[in-house]
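Treat the numbers as computed from the prediction; the structure is a model and nothing was measured. Quick note on labels: first sequence line is chain A, next is B, and so on, each numbered from 1.
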Protein chains: 2
Amino acid sequence: MRYLPLSRQTPVPSDLDIAFAQQPKLVDELAREMGLEPHEWEPHGRHKAKLLLPLLNKQGTDGHYVLVTGVNPTPLGEGKSTTSVGLCQALGAHLGRNAIACLRQPSQGPTFGIKGGAAGGGYAQVIPMDDLNLHLTGDMHAVTAANNLLAAQLDARILHEATQQDAALFGRLVTPRQGAKCFSESQRRRLARLGLPVDANPEDLTAEQAARFARLDVDVNSITWNRVMDTNDRFLRRITIGQGPAESKATRQTQFDITPASEVMAVLALAKDLEDLRDRLRAIVVASDRQGNPVTADDLGAAGAMLVLLKDAACPTLLQTLEGTPVLIHCGPFANIAHGNSSVIADRMALKLVGPNGYVVTEGGFGADNGMEKFVDIKCRASGLSPSAVVIVATVRALKVHGGGPLISLGAPLPAQYRSEDVSLVRSGFCNLARHIENAAKLGLPAVVAINAFSTDTAAELELVREMSVAAGAQGAVVCRHWELGGEGAVDLARAVEEACAKPRPQLRFSYDLSLSIESKLEAVARTIYGARCVELSALAKTQAERFERQGYGKMAVCIAKTPLSLSHDPKLLGSPRDFVLPVRELRLSAGAGFVYALAGDVTTMPGLPTRPALMDIDLDVVTGRPIGLF
Amino acid sequence: MRYLPLSRQTPVPSDLDIAFAQQPKLVDELAREMGLEPHEWEPHGRHKAKLLLPLLNKQGTDGHYVLVTGVNPTPLGEGKSTTSVGLCQALGAHLGRNAIACLRQPSQGPTFGIKGGAAGGGYAQVIPMDDLNLHLTGDMHAVTAANNLLAAQLDARILHEATQQDAALFGRLVTPRQGAKCFSESQRRRLARLGLPVDANPEDLTAEQAARFARLDVDVNSITWNRVMDTNDRFLRRITIGQGPAESKATRQTQFDITPASEVMAVLALAKDLEDLRDRLRAIVVASDRQGNPVTADDLGAAGAMLVLLKDAACPTLLQTLEGTPVLIHCGPFANIAHGNSSVIADRMALKLVGPNGYVVTEGGFGADNGMEKFVDIKCRASGLSPSAVVIVATVRALKVHGGGPLISLGAPLPAQYRSEDVSLVRSGFCNLARHIENAAKLGLPAVVAINAFSTDTAAELELVREMSVAAGAQGAVVCRHWELGGEGAVDLARAVEEACAKPRPQLRFSYDLSLSIESKLEAVARTIYGARCVELSALAKTQAERFERQGYGKMAVCIAKTPLSLSHDPKLLGSPRDFVLPVRELRLSAGAGFVYALAGDVTTMPGLPTRPALMDIDLDVVTGRPIGLF
C-alpha cells in the first residue's frame, strides 16, 4: 500500500485547507491495494467507491476488531473520530499493518447548521472531506426516501380505508394478474399473520375475512412513524398534515425528524446482509390497530419497495485517510434513540479484508456508557462479532470538567482552568474515566486509554492521567498527538492497541440477557453501566412495556436515550455519579432495528438553525469547483 | 462505437425484463468511444458516469439539435421518450452517426405510485433502467436538499427576527472573523442592494441602517417558497408548520411539492454553467418584505450553500440505450409550472461531443403547445442554442381522440374504436397534428412527423396520417416501430430527420419579445401557439403582474401552466380549438429560472398514492440483488 506523506504546517491550518492540500489516491489504486476483485466494488467518482455485497461471502479469518469510545464528553467533543482516524493512520502508514477505519456518515443537517465536521480533524481526517460531509454516495438520501415512502403509504392507506367500503377496498387491494385476482407475496404474509389460509383464492374469503384482511384499522393516536429530512428544519418539529380538501378526513399532527433518527437508519446499520435487511424492514412497526395489534411495514406492502430504495445504500462507501489508508463510511444512526454505531455490514467486510493480522477500528457515539454499551449489547449481539479491545479517548479538558471545573459551552471562550495547569482538577475528574475502564472490564473488554493531548495540556497533567489509567486497570494508556501530527502522533497508541489485541481474545459479556423483562433489562444497564440504584418507569412507560411484551416484543434489546455528558440521565451530575434513580419517561419500539428505546432525558430529533448558521459562510469557488467555508 | 445487438422476442416482454436481458457496456468503454478525456468524466458504478463541467469548454462545432415533441396526448402518453430513444438507436446503431439522447430524469414519486417508466419502453429504452428510475446519481436528492435548506433558513430567519431586538440581531448576523467584525460576501451584496456602503465597517452603520440590513422583514403571507420531497405524499399538500413550543410565534400554513416542481430544478435545468447557476440561485425570490420588495435567496445568505449542494448535480449523468448509444440524463422540471425540458448543460456538452455531423435529440414535456413553445421561448432563449428540426410524435390513437372518439383513461379498458380501423375518426382528429406542424413553422422549425405505430393501427390509418402530414407542411412523415423493433424500427425516421437537418439551419423565431409586458407576452403565446382569441387575467393576476413589473421582473419570459390534453386550457376542448379566451387565474415568479408562470388550469404539484400503489408489487430479489416488479 502506498501511504501518502503529510506536509504538516504549524500552526495547524483549517480542516478544509488540510484536506484540500492532500491529493488522495485514485480509488482504483486503493481498491487494487486492498485486493478487491472487480465484482466486489464499484467506483463513485475518482476518489470514492462502493464495496459490494458479494464481499460478505469472502472466505478467511477476521482481523482484530477495535472499538473507539470515550469518557463523558464536554459539548466540544473529545476527539473520538479523530482518534479512530489517527489510530488507523498510525497502524497503516507507520506500522505497516492492514487497518481499516469504519465510521458513521455525518448528517448534512449540522454541516449547514453549526460548524462541525464528522471526519476527524487536523492531520487525522477522512478525505475527500467535502464529499464525506455532503451527499457522499447518496445513502442518507436513500434512507430518507425509504422512510418517507412508508410514511406516505401509511397515511394514504388510512385515508383510503376511511373513504371506502370493505368490498371496494378489498377489490382495489387484490388486483388481477394474468386475468385472475390473486394475492401478492406480502399479502400472503399478512394472511398468515391473521391466521387466514395463505393459499386461498381471493374469491373464497368470507366477507368478514376479506374485511379483516383489507382493513389495517390503524389507531391514528398510536402512530410512531415520522417523516424525516436531512436538514436542520425546526419548523417541522411539530406539524399538522392532511389539511388539503381531499385529505381532511385524516388530518393529524405529526413531526419530521432528522434522517439519522429514522429507524430505517438503525435497521440498515444493524442488518447483517440483504436478507436480514429485508426481514428487518418487514418487521418495522408503525402503529397499532384499534385492537392493539402491531401494524407493520409488511402489512402496508411497503417493505419490498423500501428494500429496493436501499439496495445501494446497503453497500459501504470506501474513502481514505489523509495518509492513504482505507476508510469505510456506512450509516449514521443517532446515539440516543438508536445505537449510534456504523454498520455491521461494513465491519464484516472490513474484518475479512484486513485479514487475521489486521485491524478494524470502529467507533461508538457519545461516551462509553452509551457508545460502548450499545455497541456490545445491540450491535455485537446482532452481528455475532466480538471486539479484541476498546480504546477510551480522554482529554485533560473533559476530566477537569468532571473534576468540578467551570462548564464549557459551544461558542463561548474557554475558562482559564482549561488553558493552564491544574493537576488537582484532573485528579478529581479522573473518576469518570475510571468508571469507563471498569465498565469495559465488566463487558469483558481490555481497555486502552488514548489521552488526546491539546496544546494547553501540561506534561504533569498528561502523565497523571496515564498513571492513574494504568492503576485503574487499563491495559495501556498513552498520550496521542494525531490532530497535530497525523499517524505519527498515534504510533504509541497503535502499539498499545496491538499489545492489547495480541492477548487471547476475551469473552464478550452482555449487560443483560434478552430473556429478561424490558424493565429488568433497563435496570441491568442502569445499574451495571451507569451506576444507578434502580430505574423508575413512569406510568406511561409501564403501560408501554406491557403492551410491547403482549405484542411479542419483550425479548428485544433495550436502548436508553440519555445525555452523553454524564454517566447518569442528568447532564449536571458529572464525575462519577452513583446510586441515582434513572427515570424512564417513555418507551418506544424499533421492531425492525430490534430494540425498545427508553427516553431518560430530552432528545431533540430535529435540530434547528441559529441566527447565523454555517450555511451563510459556505460557497463554491466557480472556477475551481471547490467548496469554501465548509468547516 | 460498439453497438449492442438486440435479441428481440415476440410478444414484446415487460420493460424490466427487456432491460435486464441486455448487458450494458461498461461505462469506461462508452466514455472511451465518445472520446472523453479522464478529466471530463467520472464513473458512478460500472454503468453510469457523470460528465464533468470542463467539457463545457470543449472547442469544436456543434452537431444538429433535434427536439422531439408531440400532439396533445391522451392520458396514456404517445411515446415521446420512446421515440427519442428509438431515434438515437437508429441514428447510431443503424446509420453509424454520432447521436446522443438528452432526457429528463424521472421522479421517484410516480415510480412507486402509478406504474409508468420515463425511460422509453419496449426495445427503445435507457439502461440500466432500474438505476434510471431510482436514485440515479443523486441529482434529484441534491435538488431536494438545496430547496429545503432555503426553506429551513427562511423560516428560521423569520423566527429569529421575531424574537430579537435590532442590535442583537445585527450582532449575531455580523460576526467577527480574525478578531474584527466584518460583512460576508453575501452580506456585502445585500448592502449594495439596499444602497448602503459595501465597504462599510459594521460599526459605522447607523442604528437605522443596521436594522434595515438585519431585518428582511418578510411578509409571511407573501411566501412562495415551498418545501419539496420526491415522494407521492398527498398528506403534505397542505400542512401547518412551526407548531412546536419554540416556533409558535411563526406557525403558518404551507405545502410540500414533489421535487420536480422545485424552482431549483428549473434553475439547474436552465443554467448554462456554474457561474450562471450561482447567479440564478442568488436571484431566487422567496417572498416579499412588508414594503413589497423581493426577498431573495441571497438576502438569506443561502445561495452559496445551495450551490455547494448542487455542485455534482450540475453534471449530467451518462447512460446508454439498449443498443449501446449514449444518453445524457439531466434534470426533470415540471412541464406546466416550469418549462419541462432537460438541461442546457447536457445539451451543450452533447452538441460538442457529437460534432458537426452528429445529432443531439432532446425532448419537451407534454404536447408541442407546451413543450415546443417553452423549449424555444425559455430554454433556447437561455442557452442561445438553435434547433435544426423538430420531431412531432403522433399516434393513431391520439388523433382518434381528437377526432371525437370516446375518452381514454388510465387503467380502464380501451374502447373498441381504438382497437379497430376507423379512418374517418383519424381524419377528423388530424387537425390537432396540423396545428402543431403549423406552430413549428411559426417558430421557424422544420417538422418531421413520427407516427408511432401500435399493433392495432391499420395500414390505411397510418398512411392517412403520413399523407396528411406532408400535405400540412411537414418536411417528412414516417411510420415508426421502435417500441417493437428497437432502432431498426426508427431507421426511416432517422433518415427523415437527417434530411431535415441537411437543409440550411433555419432562423429560430420566438413567440414574443421579452420587452413586452407580462400580459402581452402571455397573450402572444395564447394567440400564436394555442389559437386563443385573447387572455383574461383575474384581478389577482393583474395585481401580481403589476407587482412583478414594479419589482423589476417584467422582462422575464412567461411560462403557462395548462393541461397537456388540449391546445387550450380546457382538457375537453380536443382537436383544434380556436378563439377561446385563456383565463389566467394567478401569476407566480420564478426569478432564478427567469420566468413568470401563469396558472391557466389546475396543477397538482404533489401527486398521491392510490389504494394499491405500484410500491406494493416492488421487491428486491435478495439473491441477485435485482429489483422485481419495477414497471
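Contacts of B/P613 with chain A are made by side-chain atoms alone, with heavy-atom separations under 4.5 Å and no backbone atom involved. With a 4.5 angstrom heavy-atom cutoff, B/P610 touches chain A only via backbone atoms. For chain A, the nearby parts of B/A250 are the backbone and the side chain; heavy atoms of each come within less than 4.5 Å. There is no contact between B/Q255 and chain A, counting heavy-atom distances below 4.5 Å. Looking at B/L53, neither its backbone nor its side chain comes within 4.5 Å of chain A, counting heavy atoms on both sides. B/D230 does not touch chain A: none of its heavy atoms, backbone or side chain, sits under 4.5 Å away. Heavy atoms of B/E185 lying under 4.5 Å from chain A are absent altogether. The parts of B/A246 that come within reach of chain A are both its backbone and its side chain, each placing non-hydrogen atoms under 4.5 angstrom from that chain. B/V174 touches chain A through its backbone: at least one of N, CA, C or O sits under 4.5 Å from a heavy atom, while the side chain does not.
With a 4.5 Å cut-off on side-chain heavy atoms, B/L149 and A/L615 count as touching. Inter-residue side-chain proximity for B/H135 and A/L309 is flagged as met; some heavy-atom pair is nearer than 4.5 Å. Looking at heavy atoms from C-beta onward, B/V622 lies out of side-chain contact with A/D273 at the 4.5 angstrom threshold.
Considering every non-hydrogen atom in both B/R238 and A/G244, the closest pair reads CB-N, 3.5 Å.
Of the listed residues A/Q164, A/R172, A/R237, A/R46, the one with more heavy-atom pairs under 4.5 angstrom with chain B than any other is A/R46. Between chain B and the options A/R157, A/Q153, A/E275, heavy-atom pairs under 4.5 Å are most frequent for A/Q153. Note on A/H44, A/E247, A/E42, A/M306: by heavy-atom pairs under 4.5 Å with chain B, the leading option is A/E247. Counting heavy-atom pairs closer than 4.5 Å to chain B, the top-ranked of the candidates A/G625, A/A156, A/P54 is A/A156. When each of A/T231, A/D155, A/L307 is scored by its heavy-atom pairs under 4.5 Å with chain B, the top score falls to A/D155.
Rounding to the nearest 0.5 Å places CZ of B/R282 at 6.0 Å from CG of A/D619. Separating the CZ atom in B/F235 from the CZ atom in A/R227 is a distance of 8.0 Å, to the nearest 0.5 Å. Rounded to the nearest 0.5 angstrom, B/F112 CZ and A/N148 CG are separated by 12.5 Å. Rounded to the nearest 0.5 angstrom, B/R278 CZ and A/D621 CG are separated by 9.5 Å. Put simply, CG on B/D131 and CG on A/D312 are 6.5 Å apart, with the number rounded to the nearest 0.5 Å. Summarising the geometry, atom CG belonging to A/L159 is positioned 10.5 Å from atom CG belonging to B/L609; distances are rounded to the nearest 0.5 Å.
Of all residues in residues 136-144 of chain A, those placing a non-hydrogen atom less than 4.5 angstrom from a non-hydrogen atom of chain B are A/H141, A/A142.
Annotation: side chain to side chain contact (heavy atoms under 4.5 Å, CB included) contacts of B/R612 (sequence neighbours excluded): A/T175, A/R177, A/S184, A/Q187, B/M616, B/D617.
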